[in-house]
Each structure stands twice: as C-alpha cells, then as structure tokens.
Amino acid sequence: MSLNIVVMAAGKGTRMKSALPKVLHPLAGKPLAQHVLDAVAPLPALRTIVITGHGAEWVEQRVHGTDLHFARQQPQLGTGHAVQQALPLLDDEAGTTLILNGDTPLVRRETAEALAAACGGTRLALLTVLLADPSGYGRILRDASGGVLGIREHKDASAAEREIREGYTGMMAAPTAALRRWLSRLNNDNAQGEYYLTDIVAMAVAEGTSVVATQAASEAEVLGVNDPLQLADLERRFQRQQADTLMRAGVRLLDPARFDLRGVLSHGADVQIDVGCVFEGEVQLGDGVQIGAHCVIKNAAIAAGAVIHPFTHIEGDASPVEVGEGALVGPFARLRPGAQLGREVHIGNFVEVKNSRLAAGAKANHLAYLGDATVGERVNYGAGSITANYDGAHKHRTEIGADVHVGSNCVLIAPIRVGAGATVGGGSTISKDVPAGQLAVARGKQVHIEGWRRPVKNPKGEKKT
Ligand code: UD1
Ligand code: MG
C-alpha cells in the first residue's frame, strides 16, 4: 500500500494555558506528538509529515523520527487548513493518506494500520468512539440506516446533535487524490471561523465515495489532550497499562496506582518495587532487586540482589549508574552520573557519590561525599568525610587503596592518593599522599589546660569578670 502519514501539531492548545505548545507537553516524560509518531513509525509510509505552526521551531527540534518532513502552518486556521499545508509533500495520488491528531498520544500502531487498510486508497475511513461524555468532540451524524452523513463539531451542534455519543477521534484515512480535491473546497463558515478537516466527510458522502466508520476498541486509545485534566487522566491510564504489563511479567508492584515509568524498565525475576517510585530513561533491575518507597531512578543498571532503600535518588546519564550485586543503597542516598558501585558496596544515608568507582565491599555509611574518586575493596569511609575534588577551576581525582580506613570528618584534598591499608585519623585534612599501611593524622593537637574555669553568670545575669 502506498501510504502518506500526516500528524497535525500546529495548534496552540489554548486550553492548556501554557507557553509550551500543547503537543510538546510530556506524557510519561515524552512529548504527546512523539507518542503518536512512535506509534506510526513501524508503518511502511512513503512520507511522514508533521504540521507545525505554534512554536514551530520548538516542535521541530523536539520531535524526531526517520524520514520526517515538516510543513509549517501560519497562521493556524483549523485542522482542514493544517492538512492543506501537507498537500505539496504528499506522494502518490493513487495511495492513502492517514491523518492523525498530534494530541492523541495513546493511539496504537495496529489501530492506525487497520484504518489505513480500511481506506485502501478508495474509501474515506474514520475512527470513531462511543464516549460517556462526548463534549468537545465532533459528533458522527448517521442516517436512519446507520450510514455516515458527516461530522458536526461540538460548537456547531444543535442540542439534539449534542446527545449523540459517537465522537470523531481525530484519526482518518483518505484516498490521496480525493483528499486534495475535498480540501480545496473547504470554507470557514462555522462557529469557530475555522477550516474544519471534518467537513470533508459530507463532501465524500455527496460525491458517493464510500465512508467507513470503525469504532475504536478502547476509549483510552483515542482520547485527546486539550487541558491539564485530560493530560493527567491519560498519564494515569498510560501508567496503569505499563504497570499491568510489568506485573504480568512477574514484577511485584506494591501499588500499581503509585508507580511511574517515564522510559524503559527491564527486569529479572522476583523484583519488588514499593510505592511512589519514579523510573526514567533506561533502568535495568536484576533478579531479586528490591526498590524501597519513593525512590527516583534514572538511567541505572542495578544488579541482582541489590537493595535500594527508601528516598534514594539515582541519576545516570548516557552511561548508566551501576550498582553491583548485593549492594545496599540508602535510605536518602544520592548516586550521580559516573557512580559505579561494585558487589556488596554499602552506601548509607546522606551519602553522595559522583563520578566514582567503589570496589567490592567498600562502605560509606553516613553523611559523606565521594566525587572523582577510585575506592578500593573493603574501604571503610567514615561519616562526614569528603573528597575535596574541586579547586575552583578544575576537578581532581582521589585514589583510595584497598582496605583503607578513613575516619570520620576527614577532608581528602585532591589530587591525592591514600595507599592500601592506610588509616586516616578522624578529623584530618589530608593534603599529601599517605603511604600504604601507615596512619595519617593531620589536625590540631589536643591540649589540656589545668585549672581552667568556665565563665559563670552572677545572680543578675551579668557575666562576672
Ligand atoms: C478535533 C476534531 C474533532 C475531534 C477531536 C478529537 C476538527 C475540526 N475537529 O477537535 O472532530 O472530535 O479533534 O480529539 O478537526 N491543529 C493544527 N492546526 C490548526 C488546528 C489544530 O495543526 O489550525 C492540530 C492541533 O495541534 C491538534 C489537532 O490538530 O494536534 C487537533 O486540534 P484541536 O484544536 O485539539 O481540535 P479539537 O477541538 O480537539
Ligand atoms: Mg483536541
């Protein structure tokens, strides 16, 4: 089949009351229009044309796909006017043009494919839906025997027409040559003064072109986003679909209603995820991984048996944060880009790790910072200790050998090396390399002053001198 695809994404989305063009508002972290483009990407289209207008540069920058073409619509005079802008780019007059709204994000590939097939280059195929509350939608007008007569926009509909519950989804497939002809005859003589794409249905009927209207299998798939309430509703429906897919694959979600995935989650067996977690980008969870409540995890690979305690924030970038087998992280830990934790590493509360590799069994259990560091096996890194990795201009590395013990409240001024088996006394500020196996202490010596007396208050509350 020779197919063109047109996605309309030029409207402002006035009802969103936002500076961001509506089709760029994210659903599960991805722009609405991108959901539509991803759904139709597997179809064998000659061309996919996105109509942009409001915030066109912004939209053209943010949406992507293979062999995408953009057609600008300035000003935005309605959906029919939008498709008119795509006409010069349509290929093969004998084929089918599939038209979708950029604000209907949950459409499935199968549905788009079936609609194009129903057109088959000869019929006008419409996707409709029976809605409990169809207000705002164009209504499908049918004759006594059920034949489609046209679409009436909500604002133009009579009270009786508004009772019709069958709405137009914003998705249709038309014979390309006929579409060109119908669009050239549109006018804007209606309640909104716009060129309605939906007016072509009555033209097709008048010409005797057969019009087929198929009803969508599910309502969610064809719901459009026009305001923040509808966006939030679709976000929850989409999240629930993802949660159900994961649970069917064996993931234990303690509450699927309090689960958010904005990307891709791959997992092994016996993974458990507590409430209120957000996953972003690409996250891999190995067998038996447990994620505590209220964690935010972006671009990370967490190996088998690791436990991430509540309120932990993990943020990888193009290369994922790595958490080794059996590691324990959190509560209240922060792993930033470049954090690589080996097997059975322990990272405790209020510990931040950035661009640092910790070898197997290393521990930083409380209130610490490790930045640009290489930490050997079994190192114990004390509470309140930090690597001073930044001199105001450059970042420097800290190397800590295996079995080192860093006491509490130490500052390791990078670049610096602490040799294997060394001990750093609590409260030290270390500015010179520490030889392996030795004790380094660098702090003011403790002094004792005999006979010293604390100041006391006199009865009037004044200090005695
Ligand atoms: C449209 C349909 C309505 C249908 C509903 C389904 C028309 C006239 N009405 O109404 O029958 O029930 O979708 O959700 O088609 N757009 C442009 N240029 C414009 C105007 C809009 O590109 O000049 C784009 C928007 O960015 C959006 C899509 O077209 O992606 C739909 O526009 P919107 O204003 O939301 O139309 P609805 O009022 O929802
Ligand atoms: Mg809409």
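Just follow the structure's listing: the first ligand is 1, and inside any ligand the first atom is 1. From a predicted model like this one, the values you see are computed outputs, not experimental measurements.
With respect to I297, the side chain to side chain contact (heavy atoms under 4.5 Å, CB included) criterion is satisfied by exactly one of V321, L285, V283, V323: V283.
Inter-residue side-chain proximity for T374 and R397 is flagged as met; some heavy-atom pair is nearer than 4.5 Å. For the pair D372 and H396, the minimum side-chain heavy-atom distance is 4.5 Å or more.
Not close to ligand 1: Q74, with no non-hydrogen atom less than 4.0 angstrom away. At least one heavy atom of A9 sits less than 4.0 Å from an atom of ligand 1. Residue contact annotation: T169 has a non-hydrogen atom under 4.0 Å from ligand 1. Within the 4.0 Å heavy-atom shell around ligand 1 one finds K22.
Of all protein heavy atoms, the one closest to atom 22 (O) of ligand 1 is A10 N, 2.9 Å. Ranking the protein heavy atoms by distance from atom 1 (C) of ligand 1 puts N101 ND2, 4.0 Å first. The nearest protein atom to atom 23 (O) of ligand 1, hydrogens excluded, is given as G78 N, 2.8 Å; this is a heavy-atom distance. With respect to atom 4 (C) of ligand 1, the closest heavy atom belonging to the protein is Y168 O, 3.3 Å. Of all protein heavy atoms, the one closest to atom 18 (N) of ligand 1 is Q73 OE1, 2.7 Å. Counting protein heavy atoms only, atom 25 (C) of ligand 1 is closest to G11 N, 3.7 Å. The nearest heavy-atom contact from the protein to atom 34 (O) of ligand 1 is R15 NH2, 4.2 Å. Among all non-hydrogen protein atoms, the one lying nearest atom 39 (O) of ligand 1 is N226 OD1, 3.5 Å.
In this structure, Y195 and H81 have tilted ring planes: the angle between them lies in the 30° to 60° band.
With hydrogens and angles left out, the side-chain atoms of Q73 and T52 include no donor and acceptor closer than 3.5 Å. A side-chain donor from one of Q76 and Q74 sits under 3.5 Å from a side-chain acceptor of the other. A donor-acceptor pair shorter than 3.5 Å can be found between the side chains of H25 and S18. Counting only N and O atoms by type, the side chains of S356 and Q340 include no donor and acceptor under 3.5 Å apart. Looking at Y196 and N188, their side chains never bring a donor and an acceptor atom within 3.5 Å of each other.
For ligand 1, the polar-atom distance check against T79 finds a nitrogen or oxygen pair separated by under 3.5 Å. Ligand 1 has no nitrogen or oxygen under 3.5 angstrom from a nitrogen or oxygen of G136. In terms of polar-atom proximity, G102 is counted as a contact of ligand 1, with an N or O under 3.5 Å from an N or O of the ligand. Any N or O atom pair closer than 3.5 Å counts here, and I151 shares no such pair with ligand 1. Among the atoms of Y137, none of the N or O lies under 3.5 angstrom from an N or O of ligand 1. Considering backbone and side-chain N/O atoms, T198 never comes within less than 3.5 Å of an N/O atom of ligand 1. Distances between N or O atoms of M8 and those of ligand 1 include at least one value under 3.5 Å.
Close approach of ligand 1 to A82 is summarised as follows: ligand atoms under 4.0 Å from at least one heavy atom of the residue are 17 (C), 18 (N), 22 (O). Contact atoms of ligand 1 toward G138: 3 (C), 4 (C), 11 (O), 12 (O) (distance under 4.0 Å to a heavy atom of the residue).
Using a cut-off of 4.0 Å between Lys/Arg side-chain N and Asp/Glu carboxylate O, R181 and E207 are scored as salt-bridged. A salt bridge is absent between R47 and D92: the closest approach of a Lys/Arg side-chain nitrogen to an acidic carboxylate oxygen does not fall below 4.0 angstrom. Taking a cutoff of 4.0 Å between a charged side-chain nitrogen and a carboxylate oxygen, R139 and E166 do not qualify as a salt bridge.
Checked against the 6.0 Å centroid criterion, the rings of F238 and H35 qualify as a close aromatic pair.
Contacts between T104 and ligand 1, counted as non-hydrogen atom pairs separated by less than 4.0 Å, are absent for every part of the residue.
In this structure, atom 13 (O) of ligand 1 has a protein heavy-atom contact shorter than 4.0 Å.
Closest approach of I140 and I164 over heavy atoms only: O-CG2, 3.6 Å. The two residues A333 and I347 have their closest heavy-atom pair at CB-CG2, 3.9 Å.
With the Mg ion (ligand 2) as vertex, D103 OD2 and N226 OD1 subtend 90°, rounded to 10°.
Heavy-atom proximity to atom 10 (O) of ligand 1, evaluated over E153, K155, M171, is greatest for E153.
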